[in-house]
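First up is the structure itself, then whatever we jot down about it.
Only this structure's heavy atoms are used, side chains among them; waters, hydrogens and symmetry mates stay out. Counting convention: from 1, in listed order, for ligands and their atoms alike.
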Amino acid sequence: MLEINDLSMSYGSGTQAKVIFRNLNCTVERGEIACLVGPSGVGKSTLMRCIAGLSRPVAGTVTLDGAVIDRPHKDIAVVFQDYGRSLMPWLSVLGNVTLPLRHRIADGGRRDSAAEAAIEAVGLKGHERKYPWQLSGGMQQRVAIARAIACEPRLLLMDEPFASVDAQTRAELEDLTLGLRERLGMSVVVVTHDIDESIYLSDRVVVLRGSPAEVVDTLAVPLPTPRDQIATKSEPRFAELRARVLHEIRGERGAAPARLSLVGEEPLQRTSIAGRTA
Ligand SMILES: Nc1ncnc2c1ncn2[C@@H]1O[C@H](COP(=O)(O)OP(=O)(O)OP(=O)(O)O)[C@@H](O)[C@H]1O
C-alpha cells in the first residue's frame, strides 16, 4: 500500500549538502503497523516528512496505493510528539478535532458528528467542550489522535507520539493505537526510540542505521494478537526480538542472538530490506 522506492534525501546543496539517506526502499501493507527505529539523527523524522509529503526527496518516490505523494495528502494524517504545539489552545476539544474537517465536510452537523465519533473512539467522550490546557498530557495526545483519525486516513504517521507522557499513559496510548488500527483498518507508521514499544506495536520493525542511512533490517513480529502489555512482553520471543533490534541498531549484526530459532514454536521470520522473505 505504502511504497518507498529508491528514496534519497539531503539537506543543503553543493559542498554543504548532507545526504541523509540514499536509495531507501521499504513497503508497508494495508492495515499493518510498522515502526521505524534507529539511532538519534539517523533520519527517521526526515523519512516521515517525506512520507507525509511535507518534504520533497531529491530522488525516488513515495506512493500510496500507486499515487505519488509529493505534498500533504488527504488520506495521510500525522501525529507529532509535541501535542502542546500541535493543538490550538483557543479551540475546544471539539473545535480542534473539527478543524481539519472544515474543508472536507460542508455540513456543520455532519462535521460535528464525525468529530464526536473520533473523540469517543479515543475515550474522551464528555470532554468535548474542554480546552487543551484543561487536560492532562495523555488526554491532549488523545485529542491529537482523534483529530488525525476523524479524517479517516488510509495511513496514520506518528512521530515519537508517546515520548512526552508518563509510562502508564504511554501503555494506554499504545493499546489505543492498536485498537484503532483494528477498528479502522488503516496502516500506521510509528517512529519511536523505545525498542519495547516498537515490538509491542508492530507487525514489522524497520531498522535504519548509517550515514547515509540504510534500512539494515526489517523484522517481522510474529507475536500473537491482541497484544497485552504484560503477557506479550513476557513472551520469550519478545525478549529475543528486543535483543535483535538492539543489535541491529548498534551495528552488531554478527552478534545477534544464536538462540533465535530455538525458543518459541516457530523460528522468527526474517525479511530482507525490500520486505521479501530471506
Ligand atoms: N531542516 C533541516 N535542515 C538541515 N538539516 C536537518 C534538517 N532536519 C534535520 N536535519 C538533519 O538531518 C539529520 C537527520 O535528522 P532527523 O531529525 O530526521 O533524525 P532522527 O533520526 O529523527 O533523529 P532523532 O531520533 O534524534 O529525532 C540530522 O543530522 C539533522 O541534524
Side-chain angles (χ1 to χ4, degrees), residues 2-28 33-62 69-73 76-86 137 141 144-145 148 155-167 170 173-174 177 187-202 204-219 241-242 244-253 273:
L2 172 70
E3 287 189 27
I4 295 162
N5 300 305
D6 290 331
L7 202 71
S8 301
M9 181 65 186
S10 55
Y11 290 114
S13 57
T15 53
Q16 301 296 312
K18 178 172 181 185
V19 181
I20 307 301
F21 44 78
R22 194 181 279 140
N23 299 331
L24 213 67
N25 289 284
C26 186
T27 57
V28 179
I33 299 188
C35 282
L36 290 179
V37 298
S40 182
V42 75
K44 302 179 295 294
S45 295
T46 300
L47 178 56
M48 287 290 258
R49 290 182 62 82
C50 292
I51 298 172
L54 295 168
S55 293
R56 280 274 177 96
V58 295
T61 56
V62 174
I69 303 300
D70 54 7
R71 64 196 67 189
H73 190 282
I76 302 177
V78 189
V79 173
F80 296 101
Q81 173 186 343
D82 194 351
Y83 48 78
R85 284 199 294 176
S86 67
Q141 195 57 310
I145 294 170
L155 177 64
L156 177 63
L157 304 175
M158 308 177 93
D159 194 347
E160 296 185 46
F162 315 134
S164 302
V165 298
D166 63 88
R170 184 172 197 137
L173 291 174
E174 288 168 1
T177 304
S187 305
V188 186
V189 180
V190 184
V191 165
T192 179
H193 282 280
D194 186 319
I195 306 304
D196 283 19
E197 180 171 274
S198 74
I199 296 162
Y200 184 72
L201 284 178
S202 281
R204 282 202 274 175
V205 180
V206 179
V207 185
L208 293 178
R209 198 181 67 235
S211 180
E214 291 177 67
V215 177
V216 291
D217 206 356
T218 304
L219 287 85
L241 281 162
R242 180 202 290 126
R244 169 87 164 272
V245 172
L246 268 169
H247 282 301
E248 292 288 3
I249 290 174
R250 293 175 182 171
E252 302 165 343
R253 191 172 205 155
I273 57 171

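The distance from ligand 1 to the heavy atoms of V42 drops below 4.0 Å at these ligand atoms: 19 (O), 21 (O). Within the listing of ligand 1, atoms 24 (P), 25 (O) sit less than 4.0 angstrom from a heavy atom of H193. Each of the following atoms of ligand 1 lies closer than 4.0 Å to a heavy atom of K18: 29 (O). For ligand 1, the atoms sitting less than 4.0 Å from at least one non-hydrogen atom of T46 are 14 (C), 15 (O), 16 (P), 18 (O), numbered in the order shown with element in parentheses. For ligand 1 and E160, the ligand atoms under 4.0 Å from any heavy atom of the residue are 27 (O). Heavy-atom proximity to I20, at under 4.0 Å, picks out these atoms of ligand 1: 12 (O), 13 (C).
Atom CZ of R22 has 12 or fewer heavy atoms from other residues, nucleotides or ligands within 6.0 Å.
Among all heavy-atom pairs drawn from P161 and V191, the shortest one is CD-O, 3.7 Å. Minimum heavy-atom separation, S10 to V58: OG-CG1, 3.7 Å. Of all the heavy atoms in P39 and K44, the pair that sits closest is O-NZ, 3.1 Å.
When each of N5, V215, L7, D6 is paired with N23, the side-chain contact (heavy atoms from CB on, under 4.5 Å) condition holds for D6 and for no other. When each of L36, I76, L47 is tested with L157 by the rule side-chain contact (heavy atoms from CB on, under 4.5 Å), just one qualifies, namely I76.
Nearest residue to atom 13 (C) of ligand 1 from S45, G43, G41 is G41 (criterion: closest heavy atom).
In this structure, atom 19 (O) of ligand 1 has a protein heavy-atom contact shorter than 4.0 Å.
Looking only at protein heavy atoms, the nearest one to atom 1 (N) of ligand 1 is Y11 CE2, 3.7 Å. From the protein, the heavy atom lying nearest to atom 26 (O) of ligand 1 is S40 OG, 2.5 Å.
Atom CE of M48 and atom OG of S55 lie 12.0 Å apart (nearest 0.5 Å).
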